[in-house]
Each structure stands twice: as structure tokens, then as C-alpha cells.
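Report on the structure given below.
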Amino acid sequence: MAPGLLDLVHLTTWAVCAVIKLPQLVAVLRAGSAWGLSLSSLLLELAGYVVFLRYQIYYSYPLETYLEYPIIIAQDVILICCIMHFSGKVRRALFYAVIYWGSWYVLTLQKCIIDLAMNLCTFISAASKLVQLQHLWQTKDSGQASALTWGMSVYTCATRIITTVMTTNDLAVLIRFIIMLILNIWVTATILHYRKTKKTD
């Protein structure tokens, strides 16, 4: 792939990630409700993002291959706080903040910890998508779940497969993005299915 095209893929990924959670945030704030969203799913997703970012930094991978993660993490934290607020679970926020902050430092105490965490990160991130799918299946209602946010996640996973192959060629990272791509497509399709079902009722 030409360097110019690789730069374009990086730029579009960053642009999408700069606003990736905004449709979801807007939907939650407009409705004043987090119906259709799983807090457990978002907490697992955040854990996966934290581990992935720490792994990329630990191995000194090029900044352009993970620059979007601090932005996504910040948006996830805001979304989690909104969901906790609307579901009356605000008091738990400090507990979760301490856990994530402590994990950030523990992850790099030894190389074997960060490597194991990265391998588990794929399972954690996959679990976050499966928990959201289970929530959708149980409620049979997409509620405030944003198909646009999940669709943007499909795009960013696809672009990160390309950039990983072209830059680091890290197999663990590549496998993670392929699995996340498949699961993001599945969640998006499920949200659209229940939205369509709800409109026809």
C-alpha cells in the first residue's frame, strides 16, 4: 500500500474515532435513559481499550496505529458516567476508576503481564460485544443503542486490520481486530433488526 494511502486510512480512522461515541451519547442524553445499553458491556469494552493502549505504548508501536484510543477511552468514560447517572449507579464510578487506574500501572510491571493481558484483551473485548448482543436478544429492543456508533466501529476495525498488516504485523493485534470486526457487524445488524421490528409493530 502506498504511504499516502496508508496515511489516508490513518486519518479517516482518527476522524471517525473522534466522534465514534457521539451518536450514542446524543441518543442517551436526548432520551434521558440508557435503555438498550449494557453497562457491563461498556465496562468490558473499556478494559479492552485500556489493555490495548497500554500494550501499544509498551512495545513502542507507531503512534499513528493507536492514536485514537485515548479519544475512544475518554468518550467511553463519559458514556459510562451517563449510563451510571441514568441508572442510579453513580456511586460505583469511583470504584471503577480506581480499578482501571491501578490496572494501567500493573499491566507493565513485567513483560509477561502485558503479553498475557493482550491475549486476554481479545477475549475481554469479544465478551463486551457478546454481552451487548445478549442484552439486545433478551430485551428484543435496541432502545438507545446507536447503529451509527456500532457501524463506525465496523469501519475502524476494518481500517485497523489494514494498518496493522502494513505497519506492525502483530498477529495478536490482527486477530483482535478481525474478531472485533465480525462481532461489531453482528451487533450492528442486531440493532438494525430490532429497530426494524419495532417500527413494524
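Quick note: residue numbers are just sequence positions, from 1.
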Not counting sequence neighbours, which residues clear side-chain contact (heavy atoms from CB on, under 4.5 Å) with V28? List them please. Q24, L37, L79, C82, F86, Q144
Distance only, no hydrogens: is a donor on one side chain within 3.5 Å (strictly under) of an acceptor on the other, for R160 and T13? no
Which class fits the ring pair F177 and Y69: parallel under 30°, tilted 30 to 60°, perpendicular over 60°? tilted
Check whether any side-chain N or O of E68 sits under 3.5 Å from a backbone N or O of A15 as a donor-acceptor pair, and report yes or no. no
Is the CH2 atom of W14 crowded by more than 12 outside heavy atoms at less than 6.0 Å? yes
Should we say atom CH2 of W101 is surrounded by more than 12 heavy atoms from elsewhere, each under 6.0 Å from it? no
Evaluate the side-chain proximity of K21 to I78: yes if any heavy-atom separation is below 4.5 Å, no if none is. no
Applying the side chain to side chain contact (heavy atoms under 4.5 Å, CB included) test to I20, which of I71, L148, I72 qualifies? I72
Would a 4.5 Å heavy-atom cut-off, applied to side chains only, mark V51 and L120 as touching? no
Assess the side chains of T167 and Y61: does a donor N or O sit below 3.5 Å from an acceptor N or O? no
Answer yes or no: is there a side-chain heavy-atom contact under 4.5 Å between V173 and Q56? yes
Judged by atom type as modelled, is there a donor-acceptor pair below 3.5 Å linking the side chain of S41 to the main-chain atoms of S128? yes
Does any N or O in the side chain of R176 come within less than 3.5 Å of the main-chain N or O of T122, such that one atom is a donor and the other an acceptor? no
For Y59, enumerate each residue passing the ring-ring contact (aromatic ring centres under 6.0 Å, His included) test, keeping only those at least two apart in sequence or located in another chain. Y55
Specify the closest pair of heavy atoms between V16 and M152, including all atoms of both residues, with the distance to one decimal. CG1-CB, 3.5 Å
